[in-house]
Amino acid sequence: MTPGLDHFLAVGAVLFASGFAIALSKRNAIGVLMGVELMLNAVNLTLLAFSRFSSGPRPVTGQAFVVFTITVAAAEAAVALALAVSVYRHRETIDVDKLNLLRS
Amino acid sequence: MAPPVLVTDHWYDFRDLGNLSSRLLESLADVLPQGAVYVLAAVIGFVASFVIFVLPSQLFVGVYGERKLIARVQSRYGPNRVGPFGLLQPIADTIKLMQKEALTPKSADRALMYAAPALFVAPCVLLFAVIPFGPNMVFADTSVSLLFYVAISALPVISAFIAGWSHNNKYSVFGSVRMVAMAISYEVPLVLGLLGIVLFTGTLSLQGITIWQKELDIWLVVLQPIALAIFFIGVSAELNRTPTDIAEAESEIVAGYLTEYSGMKWGLFYGMDIGYALAASAFAATVFLGGWTLFGLERWVPPWIIFIGKTHLFYALFIWTRGTLPRLRIDQLMGFAWKFMLPLALVNLVMVATERMFWVEQAADDSVVYVFALVNIVAAGALVYAWSRILGYRPEDYPTKARLVETAGGYVPIESAKGGAQ
Amino acid sequence: MEGVGAAVAFWTLAGVTLFAAAGIMFSRNLLHAVLLLILTFIGIAGFFVLLSAEFLAMAQVIIYVGAIAVLVLFAVLLTPRAGRDNGESKMLLPAVLLAVCLGAVVLFVITDTSWNTVPSAPAVEHEPKVAASDLGEALLSTWILPFELASVLLTAALVGAILLVRSPEEEAEDMPS
Amino acid sequence: MSGIVRSEPFTLNIGPQHPSTHGVFRVKVTVDGEKIVDAEMVMGYLHRAMEKLAEERTYTQNIPFTDRADYLSSMSNNLGYVLAVEKLAGIQVPPRGNAIRVIMAELQRIANHCMAAGTFINDTGAWQTPVMWTFREREKIIDLFEMTSGARLTCNYMRIGGVAFDLPREFEPRARQLLEGLPGFFDEFEGLLVQNEIFLARTRGVGVVPPETAINASLSGPMLRASGVAWDIRKADPYCGYENYDFQIPLGYQGDSFDRFLVRIEEMRQSARIIGQALDGLPGGPHSTQVPLALRPPAGDAYARVEGPKGELGYYIVSDEGPSPYRFHIRAPSFINLSVLKEMVVGGTVADAVVSLGSIDIVIGEVDR
């Protein structure tokens, strides 16, 4: 049957939950980052679903908002990966469990 | 902007194959179950575009034509043994590749190694979905088809990286890292260059751009020479054609990310390299050379034949550079992308914006476009020359002839030599 | 959004995306996880097309698949001895439990409330088509301030990322001698 | 744990089987990213113990060995060996023999430089286009060799005391025809590449050899002249009558790969001039003197050197009055020119290393002997 608002929201929710699980459970910092990216994408999806189906004169506001989340996600990914690489340079590991020293 | 209907729309009028397929689909519409007609339309569109344009062009222009033309550049004949004038050479190559043994090194990551060729082929087929072959002969006429092309052309980079990474071989890791680094740094100026086009035509859809060029009777290559230069260099960097084929540079890293491939897996990469080059030249023909329009001639000559001719014309440009230019080093390439092409693209954007603003504000009539064309061409030449001078291009103080000395003695310092540096 | 086509597209995309998301969770090799992440990005771009936001779908493919995924690949490349296995940390069990609860709560909320959507199913004719030009105008008219802020943020992130990753030699180079 | 972890350099084999090592020659390169930190050359894959074998064969039987030392310039190799034996045995060569030897040596230099310049551009990445052009010219010269000596590559044409056969009748018209075409080809070839911005970017400043290093490493040929040192055996220690030909020595500016290319192109022009002058003044008379087959030169040693296409090609022969040389040594220019490869390569990228190696123009047969 044709996909309505509930279907898109459901997919968004499941994606968010899996991204959340990945972010919390992965040992490698890059794995955590992947989880975060997935969560941001799920949010984008839900935003667009609402902007597409909800009443309201101008659905474009939802899409404008998604553009801003994409830019924030890109900036955040760049900085997080830079962080991971520089931590790797000092610690030779980016294993989330082992990174407990605050001193450089 | 509904595309203009051709003179006749009988089914036998092969000038627009759209009539034929629509007539066929209407007759089948009631026979097939409810949704199947759309699937059938998709299949017909795909088979038509592939059988008429992509496959023959890939084989006969990509493999045979390229080898013949490059042979001519090198003052030799090129393939003329297999079949009449060597025309069956590509088929012979394909058969040879198919029966060759496809080796997989023991320490390679088998899953990725098998996936990479498939992932390299899929985007190439997708690219042809958006290219308009005729007035209503475009497979998927979305309003963002230009952006679709740029987006899909980012996918083969990932599959090339996977291919190189999965071989677990030093040369291929070299090749894949180079390929990704170069593709990323050439995508930025490429997109900025295309932005100039979008600014002028005002639409993102390729069909819209073709119609714009048809109504104003001007080709965008005249209006935007810098954008064409940037597009050509950016695309030849992304497809790894010769001035920038460092990802599989034979003389340095054997075959880059294709080192361990053999048999049909290598064949797929080789075939799809040509496919991407064809897609890029089809895109350039649509955007820069006026697509299927030829100043009104398209009412008599079938538009898709005009389009195919222009694509092969642009493809000849790729062949020409491949036959004559040596290869740049990776750091020179990166420097060239960021220090030369990006500023040029930005300045071009500013120029186009002012022209567009002038055109819209003054509501000048459409003939002002020809003035813009003149201004842009002159500005392009001046800009390229001035910017290269700034970046240190001094051809006159490089000697082009060795010094000549009469007698054999010790070291001859530069100034006192008889010949001197011309 | 004709009925049958959209439904078929929706369920296949949902299947592909969720399979890939689960794959990231359970795959053993980090690189396979990154490639599955790319698959999810493409799946989500497909969803955007279904929600008739084509410009955003293409932007998503360019930015996520073209740039961020390659960034992650490079990060994996630059950390060779940091273990390429996609292992779980000690927090595996609590993480999964928390995620499941969160998912359950949100799903319940979705199915329970009745959203006042646009009258009838998306098959309605005057489907609010948002062309790229409307989005452009919106970004530069009503949303001009966040647009400028976003560019400032991107520049800050750019400079920050470069500074973080400078190797000692590069720093020594720029140190005033 | 607190030290900054360096990205560890890994070794890469520009191995014996590699498209641009001009033969079986291996450079073990330690690479940090794209930059080369250390390079170690491994050779000997083509060692045929030529110098030992020569000690069991008579002086005339050794001539075919010298063809296979540097298989790309067999005429010059023959000339070197034959001059050494003549110096040892004190044999005089008739003027016509000398003139034919000069013509053949200079033709061989053009053929070799065509090969060297062409493959060098191939290493910078041009898809075989320049090589095809230079090979087209080289074929004409090879036809001349085949007409006179019967073989295309390893001609075995020189004999002790002169040359094996006299020039056939149609040699002169064909040679004249070739000489008319050459200057046009050189200008066209130079025009194609010398202004080419990408070629300049890839070769200027790559693999630089300063003059002091060139002299200390006893380089010779185009490598030495590209660094600005004017040294040519044909001028410094003339043989076979080179002193009465009018030609000049080309010199480079900074000793980088581009200068070597320029020097080679200019040398080809000079060789064409020498051949023209030699053909004009071709003396009559016998083409060689009679030498007993089992030649037994007096005890002693002799060293004769020739300006081969790759550099100073020397033959050192010790005789103990036996029918075969007691000791037979070849001073191979490629082997000595190769010794500076490490300084040229370290610090540059892998791509530069390949270009520098191509610019030295080595032949593995001569390097490994």
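So that the names make sense, note that chain A is the first sequence line, chain B the second, and so on, each numbered from 1. Not measured: the values here are computed from a predicted model.
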Which portion of [X] sits near chain B, non-hydrogen atoms under 4.5 angstrom:
X	answer
D:Thr129	both
D:Gln195	side chain
D:Arg234	neither
D:Glu212	neither
D:Asp259	neither
D:Val29	neither
D:Arg264	neither
D:Leu192	neither

Checklist entry - Which answer fits B:Arg322, side chain, backbone, both or neither, if we ask what part of it has an atom under 4.5 Å from a heavy atom of chain D? => result both

Next on the checklist: Other residues, nucleotides and ligands only: do more than 12 of their heavy atoms fall within 6.0 Å of CZ on B:Arg389?
Outcome noted: yes

Next on the checklist: Quick check: B:Phe336 with B:Phe340 (ring centres under 6.0 Å apart)?
Outcome noted: yes

Checklist entry - Do D:Phe258 and D:Tyr253 make the cut of ring centroids closer than 6.0 angstrom? => result no

Item to check | Any side-chain heavy-atom pair of D:Glu106 and D:Gln270 under 4.5 Å | outcome: no

Item to check | Qualifying residue, where the test is ring pair (Phe, Tyr, Trp, His ring centres under 6.0 Å) with B:Phe232 and the options are B:Phe318, B:Tyr186, B:Trp320 | outcome: B:Phe318

Checklist entry - For chain B, which residues from residues 219-229 of chain D lie under 4.5 Å away (heavy-atom distances)? => result D:Ser227, D:Gly228, D:Val229

